[in-house]
Structures are given as C-alpha cells and as structure tokens.
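Working notes for the structure below.
Below, read A as the first sequence line, B as the second, and so on, with proteins coming before strands; counting in each chain starts at 1. If you're wondering where the values come from, they're calculated on a predicted model, not measured in any experiment.
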Amino acid sequence: MLVFLTRRLFGGLLVLFVTATLVFFAVFALGNHVDVMVSPDADQTERAAAIARLGLDRPILEQYASFLWNAVRGDLGNSFVYGKPATTVILERLPVTLELAVVAMAIALAIGIPLGLIAGLKPASFSGKTIMSGSILGFSLPNFWIGLMLISIFAVQLKWLPSGGRGPTVDVFGIPLSILSLEGLKYLILPAFTLALYKTSLIIRICETGTRNVNRQDYIRTAGARGVPPVRIVTVHLLKNVIIPVITVMGLEFGAMIAFAVAVETVFSYPGMGKLLIDSINRIDRPVIVAYLMVTCLIFVTVNLIVDGLYAVLDPRVRLSASKA
Amino acid sequence: MRMTGISTVLQATAFAVLASLPAPGWAADLKIGFSAPATTLDPQFHNASQNIAVSRNMFDTLVQMDPDSHIVPALAESWRLVDDTTWEFKLRPAKFSDGSPVTAEDVVWSLDRPATIPNSPSSFTIYTRPIVEKKIIDEHTIQLKTAAPYPLLLADLTNVFIVSKKATEGLTSDKFVTGQGVLGSGPYKFKSYTPDDRVIMTANENYWGDKPAWETVEIRFLPNDSSRLSALLSGEVDAIENIPTPDLEAVKNNKNLVVGEKMSHRLIFLFLDSGRNETPGVSAADGSPLKANPFKDVRVRKAVNLAIDREAIASRLMQGLAFPTNNIVTETMQGYVPGIKPAYDPEQAKKLLAEAGYDKGFRLVLASPNNRLINDAKVAQAVAQMLTRVGIRTSVDAVPFAVINTRGNKGEFSSVMMGWGAQTAEASSPIRAMIACTNKEKGWGPVNWGNYCNPDLDAVTAKALNTMDDAARAKLLQDASQIVHDDVAIVPLYFQANTWAAKPGITITPRMDERTSALMFAPGK
C-alpha cells in the first residue's frame with residue numbers, strides 16, 4: 001500500500017516537473033511582455049530598468065533554474081501586473097470560479113438526473129427520444145456560442161437577467177460570496193447554466209445507460225413483483241445504484257470545470273480564474289500564466305492521487321499488483 | 001394570452017417601483033463599460049492607459065488635456081515661466097474628498113512618490129524625472145525646476161495624479177485594493193472595487209469644479225467585445241467605450257442608442273526599413289534575393305506613399321472610422337503642416353519605381369497586428385493590394401500585437417503597420433519614439449523599426465524641445481514634420497476614430513485621447 005502510494009506520488013511529482021518545464025519554455029516563447037506592459041512613452045532607461053527588475057536580462061537557463069528552485073519552495077514569482085505573488089492572485093479568484101462551478105454542478109445534477117431517469121425508464125417514448133437527441137446538442141454546441149445566445153435572449157431581448165459580471169457579494173469568513181443573495185444569484189444563473197450544459201448532457205447519458213442496465217436487474221423485477229410502488233422502486237432501489245457512476249464521473253469533471261471555465265468566464269466577463277488567464281495572456285503576465293497552469297496541473301494530479309488511493313483501498317487487486325512490483 | 005398577462009403584471013410592478021423612486025435618484029446613476037480592466041487603484045503604480053482612465057474620475061492632475069488635447073488648468077489654476085527652466089504653479093483652493101485641503105506639500109509628495117514605488121510594471125517616473133527641484137513658495141504656490149528648458153513638462157504633468165500625502169505616506173500599492181489611500185480631489189470619490197470586475201464611486205461633494213453630473217458612477221470592466229455591447233443593449237450599463245467594429249453599423253442604425261465619435265490622436269502608419277543594406281522581407285520579382293534594400297532609395301518610399309488610396313480605405317473598409325492624412329499629428333496639435341495632404345497617384349508611383357530601377361517591381365512582406373487596431377489585418381490586406389497594383393507584390397503577415405512587438409524589436413520586418421498615439425499632443429512624441437535615430441543614451445528611437453536615421457531631423461526636433469516660446473517651437477516642429485514627409489521617413493495612413501455608445505438621454509463629449517471617464521457623459525435635458 002505504502003509502496004504503491006509512494007510510487008504514485010513520485011509519478012505525480014514527475015508530471016508536475018515536466019509540466020513546469022514545458023510551461024516555462026512555452027510561455028518564454030510567447031513574447032516579450034515588457035513591450036506590452038511598459039507605457040508607450042517609456043524611454044530606453046525605463047525599459048531597461050523594467051527588464052532588469054523582472055530578471056529578464058539573465059540567460060534563459062539561469063531564469064529556468066531560479067524558477068524551478070523557487071517553485072519547489074512554493075514561490076511562482078510575482079505577477080508583473082499586480083505586483084504580488086502570482087499564486088495569491090490566482091487563489092483570490094479561486095472562490096469566484098468555485099462558486100460558479102458549484103452552482104453549475106448543482107444545475108447539471110438537478111436537470112441531468114431526472115431527465116436521464118426518464119430517458120432510461122422509457123427509452124422508446126417520445127420524451128425519452130427527445131431527451132437523448134437533445135443531449136447531443138449539449139455535447140456539440142460550443143460553450144461560448146451558447147453563452148452569447150443566452151445573453152441575447154435573456155439579457156438583451158427579455159432583460160430578465162444581467163448580461164455579465166459578478167453580482168453583489170456577502171462576506172463569509174473573509175471570502176466574498178455572491179451565492180447568498182438573490183441579486184447575486186441572478187448574475188450566476190446564465191454563466192452557470194452555460195457551464196452546466198455539457199455536464200448535464202454527460203449526466204443524462206450516464207443516467208440513461210445506468211437506468212436501463214439496473215432496470216433489467218432481478219432485484220428490481222422482484223421488487224415490482226412484491227408490489228413495491230413504482231415511485232419507491234425508482235427513487236430508492238434504482239436511483240441508488242444509478243447515481244454511483246454519476247458521482248464518480250462528476251468528481252473528476254468538477255476539477256475540469258474549475259480549470260476550464262475559461263470560455264464561459266470570458267463571454268460573461270465573470271471575474272474568475274479563467275478570465276484571469278485570458279487577461280494575463282493578453283498582457284503576457286508570465287508568472288500568472290505559469291502559476292495558473294501549475295495550479296491546474298496540481299489540482300488534476302491531486303484528484304488522480306486521491307482516486308487512485310481510494311481504488312487501492314477498495315480494490316484488493318490494485319494492492320496486490322503494487323506490492324509485487 | 002398568458003404571456004401578456006404576466007408581462008402586464010411585470011409592467012405594473014415595474015411602474016410601481018419606478019413611481020416610488022425619487023426622480024433625481026433614478027436619473028443620476030451612470031454605469032460605464034470599459035474595454036480594459038484597471039490593474040490597480042494606486043494612480044501612480046502602473047502607467048497604463050486603462051488605469052489612468054479610472055484614476056481620472058477620482059484624482060486631479062495639475063493640468064489636463066481637454067477633449068481636443070489642448071492643455072487646460074486643473075488643480076493648478078494658473079502657471080507661468082519664471083525663467084526657461086523654472087515653472088510656477090498656483091493651486092486653486094481645492095479639497096480632497098475627505099475635506100482636507102490640497103496643499104503644495106501634497107503636490108511635491110505626489111511628484112516624489114513615483115520614484116519610490118517598488119516593482120512598478122511601468123513607472124510614472126518618465127514624467128517626473130525631468131523635474132530636478134521642487135520648491136514650495138507658499139501653501140498654494142509651487143515652483144518646479146528642470147535641468148534644461150523642457151516645454152513638454154505640462155504635457156507630462158497631465159499624467160501625474162495628485163494624491164494626499166497624509167493618506168498615502170508609508171502605504172504600499174497593494175493596500176489600495178481596499179480603497180485605502182484612494183483619496184483624491186477629483187469629481188468622484190471611491191466607494192468599492194472588485195478587481196477585474198468593477199469600481200463604484202459616488203459624487204464628491206467637496207469637488208472644486210461644477211457639481212458632478214452623477215450621484216453614483218459604476219465602471220464595469222468588459223473586455224470581451226460582444227459582452228460589452230450586449231451589456232449596453234440589455235441596459236446593464238448606460239454607456240460603453242470602443243464599439244466593436246463589426247457591430248458599428250448596427251449600433252449607428254439603432255434608434256435606441258446614441259453614438260459618439262471623434263478623430264483619435266492615434267496615427268496608423270507603415271514603417272519602411274530604410275536603414276539597413278539588406279532587409280529580411282524583400283526579394284526580387286522572381287523571388288531571388290535582392291542585392292540592395294529598395295527602401296534606401298527615397299523614390300521607392302515615395303512610390304509606396306503615392307500608391308495607397310487612403311480615401312478608399314476610410315470610406316469602404318473603415319466605415320468612416322479613419323481620417324486620411326499624410327501628417328504625423330492631428331490639426332489641433334503642434335507640428336501639423338496644413339500644406340501636407342494625402343496624395344494618391346499610382347501612375348506616378350510606377351514611374352518612380354521605374355526610375356529607381358524597379359520597373360519589374362519587387363516582392364514585399366508587410367507585417368501587421370491582427371488584434372490591436374480597428375480592422376488592422378483587413379487594412380493591411382487592402383494596402384498590400386494597392387502596393388501590388390503598382391508593382392510591389394505584397395503579402396501580409398498578420399500576427400497578435402504581443403508577437404509583433406517582440407519580432408519588431410528584433411528587427412524582423414521590412415515593413416510593418418503600426419499605430420502611435422501622440423500623448424503629448426505635439427509632433428515630437430512620434431518623432432522621438434519611432435523616427436529619430438536610435439540612441440540609447442538620449443532614449444530616442446526606442447521603437448524605430450524602420451531604422452530611419454536623419455541627423456537633420458534629430459537636430460530640428462532637439463532644438464524644438466529646447467525652445468520655450470510656443471510659436472517658435474510650433475514652427476520648428478512643423479519643419480520636423482515637413483522633413484518626415486519629404487523624406488517619407490514613415491508612411492502615414494490615417495488617424496483612427498474613437499467611439500462611444502450610450503442610451504438615449506445621455507450626452508457624450510468624445511475625446512481625442514482614448515481616455516474614457518464619467519466626465520464625458522452628462523444627463524440630457
């Protein structure tokens with residue numbers, strides 16, 4: 001068990017190291033941010049001072065070495081634009097994106113599970129077919145396009161909901177949350193719905209397959225034969241088994257949601273991590289770009305480690321093969 | 001039928017809500033959509049136009065630019081030259097938004113402070129460095145001394161915001177995010193700030209000027225073009241800057257919107273590499289390498305200048321958002337030469353090319369940004385076609401602005417389309433930055449991608465910058481502009497337009513510089 005986890009841990013660290021290297025050199029090639037950030041009025045002295053201050057006049061290998069050394073100690077550099085640690089800048093946006101992702105996930109579950117159940121229970125019916133073909137749309141329509149459509153319908157035409165930005169916030173233990181007020185929620189609906197659409201389709205698909213499989217099982221039939229009311233069969237016996245894969249997949253998808261809310265946040269001017277990434281790319285704020293990718297990578301590596309660890313606990317075969325190695 | 005029922009109820013509710021609101025409170029709020037987020041609220045931390053645009057609402061400068069980029073009084077009521085290097089400013093009796101008076105001491109503090117701010121991404125010291133001595137005469141009088149005669153001091157001071165010494169002493173820039181230190185004497189005062197999202201301000205009752213037009217002003221940062229426009233269309237904001245070009249016609253035809261347009265100080269032009277013997281983006285008509293750099297010959301540069309139909313670009317491609325020119329600054333600025341008009345003569349261009357020995361023409365790669373200027377890549381395509389028509393077979397290399405900057409500084413281009421805004425409102429700004437001979441010690445020619453170098457031009461420009469007499473300096477700058485034109489040091493194309501849109505009932509006072517602020521908008525009568 002310990003050997004297995006240690007091996008996975010080293011694997012994770014290796015992934016982080018390779019990512020750090022790739023990201024560093026890719027971002028280095030992106031362009032010279034000094035030209036973008038320094039005022040057009042700036043003279044040579046001012047430019048040279050900015051370059052020296054940011055350490056950009058040193059050889060690239062030296063910059064890389066100090067980047068790695070600092071990264072090991074948890075320091076990914078100061079944002080060129082904000083003048084404070086890049087990780088701080090990103091972590092400040094994390095609750096904002098987290099809030100969006102949680103609401104989106106809630107919407108996806110609230111819509112996806114019932115629809116998936118219906119489609120799975122009555123696959124041949126009109127509603128079942130409509131749901132399944134509808135879910136294809138959810139997969140194939142691009143996020144930003146849906147966002148723009150929702151804005152033009154609900155914000156521009158109907159004027160029911162705001163077209164973007166973040167609503168008023170309430171501080172909870174020092175973290176500003178907009179989820180707690182009605183006005184704040186209004187700002188969350190459209191972006192969360194846009195972000196939720198793909199996941200909803202995914203849940204519908206998983207639920208539908210699960211329902212059709214479980215519905216064929218003997219214990220469901222037995223329950224029916226014993227006269228258990230259909231509502232109870234579905235909500236208790238069936239749902240319990242259908243929902244397990246949904247939770248597993250969504251757990252993994254949640255990480256992806258946080259990391260890749262980029263398009264939605266940009267379209268809705270939602271000031272989360274994703275928009276920060278786009279803004280930082282436009283301004284070539286190198287430390288923030290690098291830190292963002294590193295934080296994202298860390299999230300995925302951690303989630304995978306946890307999942308692997310859980311499997312090792314649950315599935316004896318994993319433990320066996322690991323201890324043999 | 002049911003829908004009608006619901007909307008009647010909604011309307012009735014809305015009407016009831018509306019009726020219950022005090023009328024002035026309803027009309028007196030303004031929400032503006034900005035196209036770039038401010039990166040800080042410290043008005044002296046990061047010299048970037050979007051930060052200055054936000055600071056403008058809450059802070060004053062000693063002097064400021066009016067909408068036509070003329071320098072007018074602000075915190076300084078008047079000023080005079082004591083001698084060629086000493087300026088005296090009289091402060092008006094103004095107060096910061098907390099009620100404390102603005103004194104000469106605050107001004108000195110504000111001029112000293114930029115040099116003391118650590119890690120500034122782009123420092124304001126370029127405006128404060130020329131000042132070598134600051135002397136307080138009395139509480140409302142201050143003298144500033146420069147090392148040499150320096151006529152651009154006023155233009156520089158339009159960028160240096162005056163902060164309260166009491167409120168900012170010992171305060172680091174990152175503290176400003178909470179509003180600490182954000183205390184100015186401008187028309188609005190700070191209320192709240194969410195980074196990359198919005199700034200909320202309220203009217204400053206202590207403001208020295210006319211009563212601010214709005215009770216509350218909210219600046220929303222909406223960098224995505226379609227988001228910004230939909231925010232305006234949905235009523236989420238009342239006004240926006242930078243109407244997205246593809247939507248411009250629809251916006252102009254929309255009866256529910258008003259549009260403000262004005263010629264910008266931003267000149268769009270072409271660099272031609274006239275300095276190097278071999279230039280990377282040029283080859284002979286058959287594709288073989290050329291022995292010499294054709295742009296070293298002034299006749300070739302003249303041919304390029306004559307081959308471009310600026311009127312066609314302005315009317316067809318830019319929908320009126322371009323003002324064709326062959327000058328380097330606008331009519332309102334020092335250094336404009338009325339006699340220089342754009343000429344379009346492809347026949348003459350062909351003749352000049354033949355004279356220069358290029359009767360078969362040559363091939364050229366024209367670089368251009370594709371995300372920086374209005375329609376940039378399209379305009380570059382049009383220019384390329386026009387050049388091809390006179391025999392210079394031109395292909396376009398359009399890349400993002402960040403990339404073009406890096407490559408331009410490495411000298412990778414023979415010709416490239418760029419834009420330059422004359423912040424100082426006179427011709428030495430573009431000349432010093434991109435036309436003067438590159439000289440690191442003087443700080444001249446930092447972005448001279450055409451490698452142009454003409455000592456005569458540098459001499460005239462330097463003389464202008466040492467001349468304190470306005471009329472004499474204007475004449476010298478005109479001489480400089482004339483040299484730029486006669487020698488085709490760069491190829492000016494047009495001045496871009498700045499655009500704003502708002503809800504009806506709001507009057508827009510458009511500006512020549514690209515700095516949007518709440519002061520530009522007023523409730524209509």
Task: Approximate separation, where rounding is to 0.5 Å, of Ser269(A) OG and Leu222(B) CG - done: 4.5 Å
Task: Winner by heavy-atom pair count (cut-off under 4.5 Å) against chain A, out of Ser120(B), Gly235(B), Pro37(B) - done: Ser120(B)
TODO: With a 4.5 angstrom heavy-atom cut-off, could you sort out which part of Ser49(B) is near chain A: side chain, backbone, both or neither?
DONE: neither
Open item on the list: If I measure from the heavy atoms of chain A, does Pro195(B) come under 4.5 Å with its side chain, its backbone, both, or neither?
Closed with: both
TODO: Identify whether NZ of Lys or CZ of Arg in Arg198(B) sits under 6.0 Å from the centre of the six-membered ring of Tyr187(A) and within 45° of that ring's axis.
DONE: yes
Task: Gap between atom OG of Ser226(B) and atom CZ of Phe144(A) - 0.5 Å precision - done: 9.5 Å
Open item on the list: For the backbone of Ile151(A) and the side chain of Ser230(B), can you confirm whether one donor and one acceptor N or O come within less than 3.5 Å of each other?
Closed with: no
Open item on the list: Please check if the number of heavy atoms outside Phe193(A) that lie under 6.0 Å from its CZ is greater than 12.
Closed with: no
Open item on the list: If I measure from the heavy atoms of chain B, does Ser152(A) come under 4.5 Å with its side chain, its backbone, both, or neither?
Closed with: neither
Open item on the list: Tell me the closest heavy-atom pair linking Gly165(A) and Asp197(B), and the distance in Å.
Closed with: CA-OD1, 3.8 Å
Open item on the list: Quick check on the interface: out of Arg93(A), Glu92(A), Gln157(A), who has the most heavy-atom pairs with chain B under 4.5 Å?
Closed with: Arg93(A)
Open item on the list: When you measure from the side chain of Lys159(A) to the backbone of Glu236(B), do you find a donor-acceptor pair of N or O atoms at a distance under 3.5 Å?
Closed with: no
- [ ] Please report the closest heavy-atom contact between Ala231(B) and Ser163(A), naming both atoms and the distance.
- [x] CA-OG, 3.1 Å
- [ ] Output the option from Leu161(A), Ile278(A), Leu276(A), Thr266(A) having the highest count of non-hydrogen pairs under 4.5 Å with chain B.
- [x] Thr266(A)
Task: Under 4.5 Å from any heavy atom of chain A - which part of Phe45(B) - done: side chain
Open item on the list: Report which part of Phe268(A) has an atom under 4.5 Å of a heavy atom belonging to chain B: side chain, backbone, both, or neither.
Closed with: backbone
Open item on the list: To the closest 0.5 Å, what do you measure between OG (Ser173(B)) and NZ (Lys84(A))?
Closed with: 11.0 Å
- [ ] Rounded to the nearest 0.5 Å, what's the gap from CG on Asp196(B) to NZ on Lys275(A)? Could you check?
- [x] 4.5 Å
